[in-house]
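Have a look at the structure below, then the notes.
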Amino acid sequence: MPVHLTPNAIAAISAGDLNSKPLVQVIDIKLLGTQERYRFIVSDAVSCQHAMVATQLNDRIKTSQVKKGSIIQLTEYISSYYQNRKIIVVLNMETIILDSEIIGDPKPYVESGSTAQKALPNNNFENSVRDSNNYMISQESVRNVQSLRPTSHSGTSLNCGPNLRPTFHSENSVHNVPNFRPTVQPPYQPPPQYKNHGSIVKNEAPARIIPINALNPYQGRWAIKARVTAKGDPRRYNNARGDGKVFSFDLLDSEGGEIRVTCFNAVLDRFYDTIEGSLKPAQKNFNHLKNDWELTLDASSTVELCPDEDGSIPEQKFSFRHISEIENVDSNSIVDIIGIVISVNPSVPIMRKNGMETQRRIVNLRDWSGKSVELTLWGDVCNREGQKLEDMLASGLFPVLAVKAGKINDFSGKSVGTIHSSQLFINPDIPDSHSLREWFDRGGKDTASVSISKDIVPGGSKNEIRKTVSQIKDEGLGRSDKPDWVTVKATISFIKTDSFCYTACPLMIGDRQCNKKVSRSGNRGWQCDRCDQEFEECDYRYLLQAQIQDNTGLTWATAFQESGEEILVAQQRTCTC
DNA sequence: CCCCCCCC
């Protein structure tokens with residue numbers, strides 16, 4: 001049975017239709033430059049138009065689930081602009097027919113009676129704003145590529161041009177949240193409740209509010225309404241690119257979309273006090289949210305507080321994993337867990353590598369999966385009334401503890417640690433918390449549970465990834481910028497005695513000394529390549545260089561001085577000579 | 001433009 005492409009699909013999308021889920025044919029696929037970004041030309045048999053493909057769909061193209069000639073259904077898409085041209089942004093699609101001859105003789109779509117297709121002069125904002133339906137002008141669309149960038153955990157990358165101008169509204173709470181579903185945009189009617197602060201365009205209309213999950217770099221002006229679910233502390237940095245300060249916060253909207261937002265320097269000064277976290281994060285961190293994008297505010301961004309509470313945006317979003325599942329979760333993963341606190345160990349002082357002393361406390365969490373896990377906490381943990389966790393246990397209460405963004409460690413079995421942006425919730429008012437309580441009180445308390453922690457492997461260390469010397473060599477471990485952590489059992493067969501220390505960079509990076517090896521610069525100074533700075537006096541660090549061997553081979557190993565007199569094998573360098 | 005995941 002022949003499949004018909006949806007008549008006038010391109011014109012309809014161009015006109016703003018977002019709901020018809022049309023069938024179109026992919027008549028061309030191009031990978032843009034070195035970016036991981038695909039561009040289709042899609043056709044309805046009469047007209048065709050360029051379509052940018054969301055990077056989460058890249059695999060479909062790479063694995064030939066969509067190819068030139070494929071007939072696809074556009075299930076989620078928007079119309080936008082790219083380089084002054086109207087384009088389609090494909091957010092999701094289904095392949096209907098993988099291989100097909102090109103249908104019809106499609107011509108590039110030209111809108112009739114519209115100025116939209118006419119290329120706008122660069123920076124001519126006035127022109128574009130007069131087009132009230134489509135003030136998402138191309139220049140802004142392109143610039144937004146930079147403000148919205150792939151998160152570091154996604155493999156995508158986008159080329160970031162200079163400067164950009166997103167418009168952004170963020171609220172702690174919102175009244176009258178529009179129930180947003182992309183539909184045909186009606187002619188603009190200014191909603192009375194939104195003012196436009198600091199806009200770069202005169203007489204500019206407020207941007208439309210869209211779901212966080214619909215954000216994409218090809219969008220023009222936009223706004224999101226969201227709750228601040230985490231707020232980091234401002235942090236200073238100093239690196240080869242200069243110094244500055246930065247802070248980040250997390251947003252959650254009424255549709256469950258989350259995104260991390262970052263501001264630097266003057267932008268930080270402008271927004272830091274405005275952003276109020278409804279919850280105080282225990283610690284701070286970088287991105288762990290389920291969003292391919294993160295957002296950077298700039299001087300033209302606006303943030304507006306919406307003072308009225310709105311229940312449609314939850315306080316926090318969790319994706320809990322059962323403790324039994326944690327056993328099979330990769331080390332260093334960031335997960336949400338919830339459990340009953342069944343024990344709280346006394347806190348013990350721990351000396352950190354930077355010389356600071358902190359208090360560590362281990363608690364045990366149990367859930368209905370029949371497993372328990374150790375959770376490492378730093379400092380005191382209190383509920384909203386200021387009652388400490390250990391005091392609650394001491395008075396016979398077994399509180400529910402939910403951990404947002406806990407980190408899985410595999411030291412001694414699997415355990416859970418916290419990272420800077422982890423958040424703890426004692427007896428949170430959420431369904432999982434109530435059902436856990438009920439399970440525990442109705443007999444779960446008396447059932448057996450097995451800990452997934454404390455399964456100490458002899459000789460195990462940080463990651464317990466045991467390698468032979470030949471595996472280290474074959475896999476090229478220790479050769480990249482970031483260290484690889486392995487455990488190796490070997491014999492020291494030779495110790496180098498002529499170099500027991502090296503000239504080290506004394507500059508501080510955050511709270512840690514750089515310590516990179518420095519070289520002579522000019523007559524009397526030293527130069528650090530990492531810090532890109534010169535200084536008169538260098539520091540000295542001990543190191544131990546040795547040959548180690550096991551029954552698979554021989555390699556060089558270097559032990560660096562981490563702090564004080566402690567020597568740790570921090571890095572493996574295989575000998576290439 | 002940050003990117004630091006604390007201790008065995």
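Just so you know, these numbers use all the heavy atoms, side chains as well, and skip hydrogens, waters and symmetry mates. This structure is a prediction, so every number in the text was calculated from the model and none was measured. Here is the naming used below: chain letters follow the sequence lines, and residue numbers restart at 1 for every chain.
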Indicate every side-chain donor-acceptor pair of residues 342-350 of chain A with a distance under 3.5 Å to a residue at least two apart or in another chain.
{"residue": "A/Ser343", "atom": "OG", "partner": "A/Asn364", "partner atom": "ND2", "Å": "3.2"}
{"residue": "A/Ser347", "atom": "OG", "partner": "A/Gln359", "partner atom": "OE1", "Å": "3.3"}

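- Atom CG of A/Asp410 is separated from atom P of B/dC8 by 16 Å (rounded to the nearest Å).
- Computed from coordinates, the A/Leu375 CG to B/dC7 P distance equals 16 Å when rounded to whole Å.
- Stacking between A/Tyr237 and B/dC1 is absent: the aromatic ring centre is not both under 5.5 angstrom from the base six-membered ring centre and within 30 degrees in plane angle.
- Distance from the side chain of A/Lys407 is smallest to B/dC6 among B/dC6, B/dC7, B/dC1.
- For A/Thr358, whose side chain is taken as the heavy atoms from C-beta onward, the closest listed nucleotide among B/dC7, B/dC6, B/dC1 is B/dC6.
- A/Arg360 places its CZ atom 9 Å from the P atom of B/dC8, with the value rounded to the nearest Å.
- For A/Thr376, the side-chain atoms get nearest to B/dC7 when compared with the rest of B/dC1, B/dC7, B/dC6.
- To the nearest angstrom, C1' of B/dC7 lies 14 Å from CG of A/Asn345.
- Between A/Lys245 and B/dC1, a side-chain N or O to OP1/OP2 separation shorter than 4.0 Å is absent.
- When rounded to the nearest whole Å, the span between CZ of A/Arg361 and C1' of B/dC7 equals 15 Å.
- For A/Arg260 and B/dC1, the CZ to P distance is 11 Å, given to the nearest whole Å.
- With rounding to whole Å, A/Glu374 atom CD is found 11 Å from B/dC8 atom C1'.
- Taking the six-membered ring where the residue is Trp, the centroids of A/Phe264 and A/Phe247 are separated by 6.0 Å or more.
- Distance A/Asn409 CG to B/dC7 P: 11 Å, rounded to the nearest Å.
- Cation-pi geometry between A/Lys62 and A/Tyr38 is not met: the NZ or CZ atom fails to fall both under 6.0 Å from the ring centre and inside 45° of the normal.
- A salt bridge (Lys or Arg N to Asp or Glu O under 4.0 Å) check over residues 373-382 of chain A, counting only residues at least two apart or in different chains, returns the pairs A/Arg361-A/Asp380, A/Glu374-A/Lys454, A/Asp380-A/Lys388.
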